[in-house]
Amino acid sequence: MSSQPKVCQVTTWHETNPVPRSELIREVAGKDALYCALTDKVDKEVLDSAGPQLKCVATISVGYDHIDVEECRKRGIRVGFTPDVLTDATAELTLALLLATNRRLFEANKQVYNGGWKSWAPMWMCGQGLKGSRVGLLGFGRIGQEIAARIVPFKPTEITYTTRSLRTKEAAAVNARHVDFDEMLRESDFIVVCCALTPETKEIFNAAAFQKMKPNCILINTARGGVVDQKALYEALKTKRILAAGLDVTTPEPLPLDDPLLKLDNVVILPHIGSADIETRKEMSRITARNILAALAGDKMEAEVKL
Ligand code: DGY
């Protein structure tokens, strides 16, 4: 029998910009639960400041690399997150970003406004189609599988995926082949990053990785900026070591206006809007609240990180 609290006292941050860290540290003191976003670093300092009664940290995101989950585990603090609900929205945005990058939509659109559009010309503003290409996915969880399913109708020659363990059944649904990271780098015309940021994946796309990639390769990242060594990416794009990149995530976020990446034509950058469709975000916010209520009642949470 659930004993959900009938009334909760809630302290909220009302601005759209993230809560300043000093405010978070001050206001979390004495609370039983923390409702946070990926912009809030929930580390030892925040947990210490909260105090020993803290029972739950719930994030309105599927990614939880901003939370020190090991520290939560040690303290018996349960961690909630929002997988599944944002899978379709994120897969959809990934395809939009991929198509905007490979067909140079933003670059072409600028030409309409800056006088660059003189006439139709056979090779002007040509991009690299998905048809007949090899597409590699780093990560093949829920989002990766949905991205693959959306790529299939564009008729690639092959979809490959790189993960620690085989996902044979899920891969069969989209006819994807498991490859190691090196083979993905060497063979892919497109690489889509859809893995979590972990110590293992941190800056896995570094200068050495870019060296192995085909010069026509297009890198798409809708996962976490930290998976890519951004300086190395800049060099790879500037020197045409790879063809282009589409990024919905960067380091840092927001990307400073003087970041050199913003000067390049062969990169499309979006402001971390992968899951930003209205219904998805509303449901993410409801799940986060329900996760907290369940944790406070000692019930099963809708989506709990296994610690
Ligand atoms: C997540 O949920 O981790 C996304 O990056 C934002 O929705």
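Ligands are counted one by one from 1 in listed order, and the atoms in each one are counted from 1 as well. For this chain, numbers begin at 1 and follow the sequence in order.
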Identify all pairs of nitrogen or oxygen atoms, one from ligand 1 and one from the protein, separated by less than 3.5 Å, and list them with distances.
from     : atom 1 : to   : atom 2 : distance (Å)
ligand 1 : 2 (O)  : V62  : N      : 2.7
ligand 1 : 3 (O)  : V62  : N      : 3.4
ligand 1 : 3 (O)  : G63  : N      : 2.8
ligand 1 : 3 (O)  : R224 : NH2    : 2.7
ligand 1 : 5 (O)  : R224 : NH1    : 2.7
ligand 1 : 5 (O)  : H272 : NE2    : 2.7
ligand 1 : 7 (O)  : S275 : OG     : 2.5

Exercise. Verify whether one side chain among D189 and Q128 offers a donor that lies under 3.5 Å from an acceptor in the other.
Key: no
Exercise. For the pair D65 (side chain) and L197 (backbone), establish whether a donor and an acceptor sit closer than 3.5 Å, ignoring hydrogens and angles.
Key: no
Quiz item: Rounded to the nearest 0.5 Å, how far does CE of M213 lie from CG of L243?
Solution: 10.5 Å
Quiz prompt | F106, CZ atom: more than 12 neighbouring heavy atoms under 6.0 Å | solution = no
Exercise. Look at the aromatic rings of F181 and F205 and report parallel, tilted or perpendicular, splitting at 30° and 60°.
Key: perpendicular
Quiz item: Do NZ/NE/NH1/NH2 and the carboxylate oxygens of E146 and R150 come within less than 4.0 Å?
Solution: yes
